[in-house]
Amino acid sequence: MNIALDGPSGAGKSTVAKALAKRLGIIYVDTGALYRTIGLYVKRKGIDKGDKEGVISCLPEIDLNMQFIDGEQVITLNGERVGDNIRTGEIAMYASAVSAIPEVRSFLLNTQRDIASKNSVVMDGRDIGTVILPNAEVKVFMVASPEARAKRRYLELIAKGEDCTLEGVLADIIERDKNDSTRKTAPCVPAEDAVIFDNSDYDVEGSVDKVIEIIRTKVNI
Ligand code: DC
């Protein structure tokens, strides 16, 4: 079974997808981590995130591998585990910029399809229902207000010791939303057959219950 869980940054997809995967005993695939890894490489090389040709010229140098060890997604970049190096606000902005480049998206396409063809997955991203897994049995598009998302992301970053402000996080979210939803290739929009779920007023448990309810309308679990 393939479940596509798409939606904008900070809508709580990863938290919900993780809990959902655990409940259903399937694999959670975080596709944003792949774009973040490309962003990390580009940043380390000192290439401007807006330099499309520069980013494309990096791709042949990148050996990116995604594995699942004890159910945990592990990404290696040229043999190095990326770990939390991809989890900063700065790398999120690099990821957003590189993800608008069609060559980057095709570079990552097979990695995503391969894992879904061999396993039952809940895959979280932006274009999973529209491009990566158009035949997924269940498609959920999760949204929440920019303010609700900024507050959650701010608390996460602060807990990790990042220096940031709520206003700054909200501004980044609005900018990323704009980048992600207006780009020409694979914009972040719901698939025609996706169920849209606004979780602004739901906590994690409530969101997971709701998504399970949606899944039950589509498949037998
Ligand atoms: O989900 P995230 O915040 O880790 O994603 C980082 C960036 O990657 C985000 O700005 C949009 C992009 N992305 C994408 O274009 N397609 C995906 N399937 C996942 C993420």
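Order of appearance sets the numbers: ligands from 1, and atoms from 1 within every ligand.
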Atom CG of Asn78: over 12 foreign heavy atoms under 6.0 Å
yes
With a 4.5 Å heavy-atom cut-off, do Met123 and Thr31 have their side chains touching?
yes
Numbered atoms and elements of ligand 1 in range of [X], under 4.0 angstrom, heavy atoms:
| X | answer |
| --- | --- |
| Gly125 | 17 (C), 18 (N), 19 (C) |
| Asp180 | 9 (C), 10 (O), 11 (C) |
| Asp127 | 18 (N) |

Looking at non-hydrogen atoms alone, which of Pro8, Gly7, Ser14, Gly32 comes nearest to atom 20 (C) of ligand 1?
Gly32
Check step by step if side-chain hydrogen bond (donor to acceptor under 3.5 Å, both in side chains) holds for Glu72 and Tyr28.
CA-CA 8 Å; Glu72 281 289 308; Tyr28 161 52; over 6 Å; no
How far apart are the C-alpha atoms of Asp30 and Arg87, what are their side-chain angles, what is the distance that settles it, and do they pass the salt bridge (Lys or Arg N to Asp or Glu O under 4.0 Å) test?
CA-CA 12 Å; Asp30 166 12; Arg87 299 290 163 203; 2.8 Å; yes
One pair to check against side-chain hydrogen bond (donor to acceptor under 3.5 Å, both in side chains): Asn179 and Ser96. What are the steps and the verdict?
CA-CA 7 Å; Asn179 290 349; Ser96 178; 3.2 Å; yes
Judging by distance only, is a nitrogen or oxygen of [X] under 3.5 angstrom from one on ligand 1?
| X | answer |
| --- | --- |
| Arg126 | yes |
| Thr31 | yes |
| Ser9 | no |

Answer with side chain, backbone, both or neither: which part of Arg176 has a heavy atom less than 4.0 angstrom from an atom of ligand 1?
side chain
What do we get for Arg36 next to ligand 1 when only non-hydrogen atoms under 4.0 Å count, side chain, backbone, both or neither?
side chain
Contact with ligand 1 for Met93, non-hydrogen, under 4.0 angstrom:
no
With a 4.0 Å cut-off on heavy atoms, does Arg183 reach ligand 1?
yes
For atom 8 (O) of ligand 1, the protein heavy atom that lies nearest, with its residue and separation:
Tyr35 CB, 3.6 Å
To check your reading of the model: name the closest protein heavy atom to atom 16 (N) of ligand 1, its residue, and the distance in Å.
Arg105 NH2, 3.0 Å
Taking the six-membered ring for Trp, are Tyr94 and Tyr35 closer than 6.0 Å centroid to centroid?
no
Report the C-alpha separation of Arg183 and Ser99 in whole Å, then their side-chain angles, then the decisive distance to 0.1 Å, and conclude whether the side-chain hydrogen bond (donor to acceptor under 3.5 Å, both in side chains) test is met.
CA-CA 9 Å; Arg183 68 179 175 221; Ser99 71; 3.0 Å; yes
Could you measure the distance from the CG atom of Leu133 to the CD1 atom of Ile115? Nearest 0.5 Å is fine.
11.0 Å
Minimum heavy-atom separation for Ser181 and Pro187, please, with both atom names.
O-CB, 3.4 Å
